[in-house]
Amino acid sequence: MMKRLASCILLIATCTGGLKAQQLFIPHGKINFEKKVNLQRSLAEWDIPDEAKEKLKKYKITNWELYFDRTKSIFKPVKKEPEENNNLFFDFEGDAENQLYADYQKQSRVLKKRIMGEDYLLNDTIPKVDWKIMHEVRNIAGYECRKAIGRINDTVYVVAFYSDEILLRGGPEGFSGLPGMILGLAIPRYFTTWFATEVNAFANATANILPPSKGKKTETEKDFKKLLEIYTRYDEQKKEKPEQVKKRLYGFVL
């Protein structure tokens with residue numbers, strides 16, 4: 001009798017331990033991110049009157065959601081009520097309408113970008129970032145995250161913190177390539193940070209992870225050249241090379 005009781009207790013303990021181990025790793029879910037840009041430092045070198053600079057908020061803060069499963073994700077802004085804009089012309093080129101879908105199995109992505117009041121769909125491959133994993137760790141949204149340093153566009157350094165408890169090797173704003181999900185990100189040169197504020201695990205994959213479909217497609221080289229022309233039409237930097245314009249068009253990770 002005692003042997004049977006001991007066996008039952010051992011079996012329950014083993015099953016419970018197995019369940020806990022499974023719960024440690026999140027295959028599907030949603031992560032809320034806060035994106036913060038230091039406007040005063042970003043615009044320090046711009047030729048802006050002092051009176052206008054004084055009216056600027058120090059930070060531009062926006063909230064984003066990252067839906068994910070084992071192979072794909074979509075990063076999009078959280079809709080909110082319009083508010084009085086005291087940041088003058090600095091509206092992030094329609095950030096509130098931008099979305100980024102990534103399929104990590106196919107190594108492809110679709111960026112929905114608002115340009116001059118029109119939505120465009122940009123298709124691209126997922127870019128690779130050269131990462132170096134460090135020993136430092138910190139807690140973000142309740143998860144222990146390890147630090148990594150990467151480099152984009154040849155000279156721009158990125159600091160990331162990732163958790164291997166979330167299975168997808170993705171992150172905000174199209175960053176990926178670390179052994180887990182990026183929950184914290186900073187680009188010092190651009191005075192911009194992204195940090196997770198909440199992680200919600202789902203029992204099953206969500207149907208929300210679909211590529212954006214509403215917008216003008218740029219499927220051919222001719223389409224893309226036309227888009228570059230529109231993008232630079234009212235830009236003082238028209239003499240930039242197409243590669244430089246493309247970097248500004250796509251954002252941080254090209």
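Position 1 is the first residue of the sequence, and the numbers go up from there.
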### Query
Under a 4.5 Å cut-off applied to non-hydrogen side-chain atoms, are Asn63 and Lys35 in contact?
no
### Task
Determine the minimum heavy-atom distance between Lys214 and Asp119, stating which atoms define it.
O-CB, 4.0 Å
### Query
Listed by chain and number, what are the side-chain contact (heavy atoms from CB on, under 4.5 Å) partners of Lys72, not counting sequence neighbours?
Asp69, Tyr101, Ile209
#### Entry: Those residues that, when tested against Lys58, pass side-chain contact (heavy atoms from CB on, under 4.5 Å) (two or more places apart)
Asn38, Gln40
Would you list the atom pairs, donor with acceptor, under 3.5 Å between side chains in residues 129-138 and any protein atom, with sequence neighbours excluded?
{"residue": "Trp131", "atom": "NE1", "partner": "Ser176", "partner atom": "O", "Å": "2.9"}
{"residue": "Glu136", "atom": "OE1", "partner": "Lys147", "partner atom": "NZ", "Å": "3.4"}

### Within 45° cone and under 6.0 Å: Lys113 NZ/CZ vs Tyr120 ring
no
### Query
Does any non-hydrogen side-chain atom of Leu168 lie less than 4.5 Å from one of Ser73?
yes
### Query
Would you say the side-chain atoms of Asp103 pair up with the backbone N or O of Lys106, donor to acceptor, closer than 3.5 Å?
yes
### Query
Below 4.5 Å, heavy atoms only, C-beta onward: do Glu65 and Ile31 meet side chain to side chain?
no
### Query
Where the side chain of Arg189 meets the backbone of Thr155, is there a donor-acceptor pair that is under 3.5 Å apart?
yes
### Query
Roughly how far, to the nearest 0.5 Å, is the OH atom of Tyr104 from the OG1 atom of Thr71?
10.0 Å
### Message
I'd like to check Ile166 versus Val199 (side-chain heavy atoms, cut-off strictly below 4.5 Å). Are they in contact?
### Response
yes
### Query
Can you list every ring pair (Phe, Tyr, Trp, His ring centres under 6.0 Å) pair that touches residues 189-210, not counting sequence neighbours?
Tyr190-Phe252, Trp194-Phe252
### Task
Not counting sequence neighbours, which residues clear salt bridge (Lys or Arg N to Asp or Glu O under 4.0 Å) with Lys76? List them please.
none
## Note on the structure
Here the ring pair (Phe, Tyr, Trp, His ring centres under 6.0 Å) pairs for residues 159-181, sequence neighbours left out, are none
### Query
Taking side chain as C-beta onward, heavy atoms only, is Trp64 less than 4.5 Å from Asn32?
no
